[in-house]
2 protein chains.
Amino acid sequence: MAAEGPAGGSASRSKRADAQRNRETVLTAAAEVFVTSGVDAPIRRIAAQAGVGMATIYRHFPTRADLVTAVYQHQIEACAEAGPHLLARAGSPFDALRQWIDIFVDFLVTKHGLADALQSDSDRFAALHAHFLDRLLPVCAQLLDAAVEAGDIRPGTQPYELLRGIGNLCVGRDDDPRYDPRRLIALLLQGLRPHAS
Amino acid sequence: MAAEGPAGGSASRSKRADAQRNRETVLTAAAEVFVTSGVDAPIRRIAAQAGVGMATIYRHFPTRADLVTAVYQHQIEACAEAGPHLLARAGSPFDALRQWIDIFVDFLVTKHGLADALQSDSDRFAALHAHFLDRLLPVCAQLLDAAVEAGDIRPGTQPYELLRGIGNLCVGRDDDPRYDPRRLIALLLQGLRPHAS
DNA sequence: GACAAAACGGAGCGGTGCTCCGGATACTAA
DNA sequence: TTAGTATCCGGAGCACCGCTCCGTTTTGTC
């Protein structure tokens, strides 16, 4: 709680220049390594790729979740912002929900191991899980509410449960032609529609 | 392919007495450790619990998947056998499918980390995944076919996809009151029902 | 009891997460 | 420009893990 430096500045600009530079270097390197080795890649490898020491990574991103969060920050944000946008543009709230889920799923399945990390049983990624929730849960809830309001789906589904379920369905090997999470998610959405008794 | 010893014996009885004894000891110890520490527990810990060396475990169960498979052998078998049984007893093929899935889910969620292991994107549990599939896929397919035949659900769903989807929905922390995989699986099944257009 | 085959146990190797601290670096003030 | 200092860096080091190798012990047989 000590006083901040002069002129405060925004979140990540109140550091020394080399620190700021290294932060970016690490983020770039991590993004590259994540593509080839998944978000579970050894910190040593990321450090080597960035040409820095391990401690530098830990100093900027104390937990692995912090690093992953920072790397995918923009895409999480884009996904969150797509929600209201779709709600305004799509043909129906249900379509908006469906398209938003498509975006979310595309995001998850193209990042090797990200879905696994999100639902990991260990606590190593707790902060990542929390950040996804903070940012995306309200969006999902809004879309869900709108669809219920419009009578497109039955009420009673909890946004958290739906979001985690979708994430769960994206877990595991993504190169298996026998398994496409999108088909199951479509079934799930179908199950949400009102009974046409 | 060398000649077997005298009196051959069934699968795991053609070894020396101490080996046979240790095999059982290890299985018991592993079952205990799995309950408290999950199926990812360190081999060292299981060895300590059993009072044997690590090499003994690796000798009897070359991969972790072999050990896990052996520990849960009986329950996998029971689950597989429940399929035809339910099909004969339940009110409808759909009910049979639903009840069988309940059994499967109960099995998964009560073994910490088992669902995670099954869908793990590493290859460490490949043999476990394969064994589950060998044993349960035909059962699931039979139940699915019967339900389609009876007109309870729409055709077109692949047993593998359904089984893996259910497994996926069981992944992650099992002590979160906000998330109950059974509710989502019920939705999934609902989505399988014919459109009452 | 002697012998060989089988099984055992744990030291040891490579790899990983994370920390600690001596040294290098960037800003500040004179 | 040059000192001085707070900040940051790098990698050695420790703990833990999976897995193997090999000298030792146990078991079954003659």
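By convention in this document, chain letters (A, B, ...) are assigned in the order of the sequence lines, proteins followed by strands, and residues within each chain are numbered from 1.
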Once you round it to whole Å, what is the distance between [atom2] of [N] and [atom1] of [X]?
| X | N | atom1 | atom2 | result |
| --- | --- | --- | --- | --- |
| Q20(B) | dG28(D) | CD | P | 11 Å |
| I43(A) | dG11(D) | CD1 | P | 16 Å |
| D40(B) | dC19(D) | CG | P | 11 Å |
| D66(B) | dG18(D) | CG | P | 15 Å |
| F61(A) | dC8(D) | CZ | P | 14 Å |
| D123(B) | dG18(D) | CG | C1' | 15 Å |
| D18(A) | dC27(C) | CG | C1' | 10 Å |
| R21(B) | dA6(C) | CZ | C1' | 13 Å |

- request: List the steps and the verdict of side chain to side chain contact (heavy atoms under 4.5 Å, CB included) for T69(B) and F61(B).
  value: CA-CA 10 Å; T69(B) 301; F61(B) 310 99; over 6 Å; no
Have a look at [X] and say if it touches a base, only the backbone sugar-phosphate, or nothing, with a 4.0 Å heavy-atom cut-off.
| X | result |
| --- | --- |
| R124(B) | nothing |
| A55(A) | base |
| R64(B) | sugar-phosphate |

Heavy atoms from C-beta onward define the side chain here; which of [options] lies closest to that of [X]?
| X | options | answer |
| --- | --- | --- |
| M54(B) | dG17(C), dC19(D), dC9(D) | dC19(D) |
| Y58(A) | dC18(C), dA7(C), dA6(D) | dC18(C) |
| R16(B) | dA12(D), dC8(C), dT27(D) | dT27(D) |
| T56(A) | dC27(C), dG18(D), dC9(D) | dC9(D) |
| K15(B) | dA7(C), dC8(D), dT19(C) | dA7(C) |

- prompt: Would you call R21(A) and D18(A) a salt bridge, using N to O less than 4.0 angstrom?
  reply: no
query: Is the shortest side-chain N to carboxylate O distance from D123(A) to R173(B) below 4.0 Å?
result: yes
- prompt: Hey, what do you get for CZ (R193(B)) to CD1 (I153(B)), rounding to the nearest 0.5 Å?
  reply: 9.0 Å
Tell me whether the side-chain N/O atoms of [X] come closer than 4.0 Å to OP1 or OP2 in [N].
| X | N | answer |
| --- | --- | --- |
| N22(A) | dC9(D) | yes |
| R59(A) | dC9(D) | yes |
| R44(B) | dG18(D) | no |
| H60(A) | dC8(D) | no |

Crowding at CZ, R89(B) (>12 non-hydrogen neighbours, <6.0 Å): no
query: Do other residues, nucleotides or ligands put more than 12 heavy atoms under 6.0 Å from the CD atom of Q73(A)?
result: yes
task: Between G51(A) and P62(B), just flag the one whose closest nucleotide in DNA chain D comes earlier from the 5' side.
output: G51(A)
- request: Between V52(B) and R45(A), just flag the one whose closest nucleotide in DNA chain C comes earlier from the 5' side.
  value: V52(B)
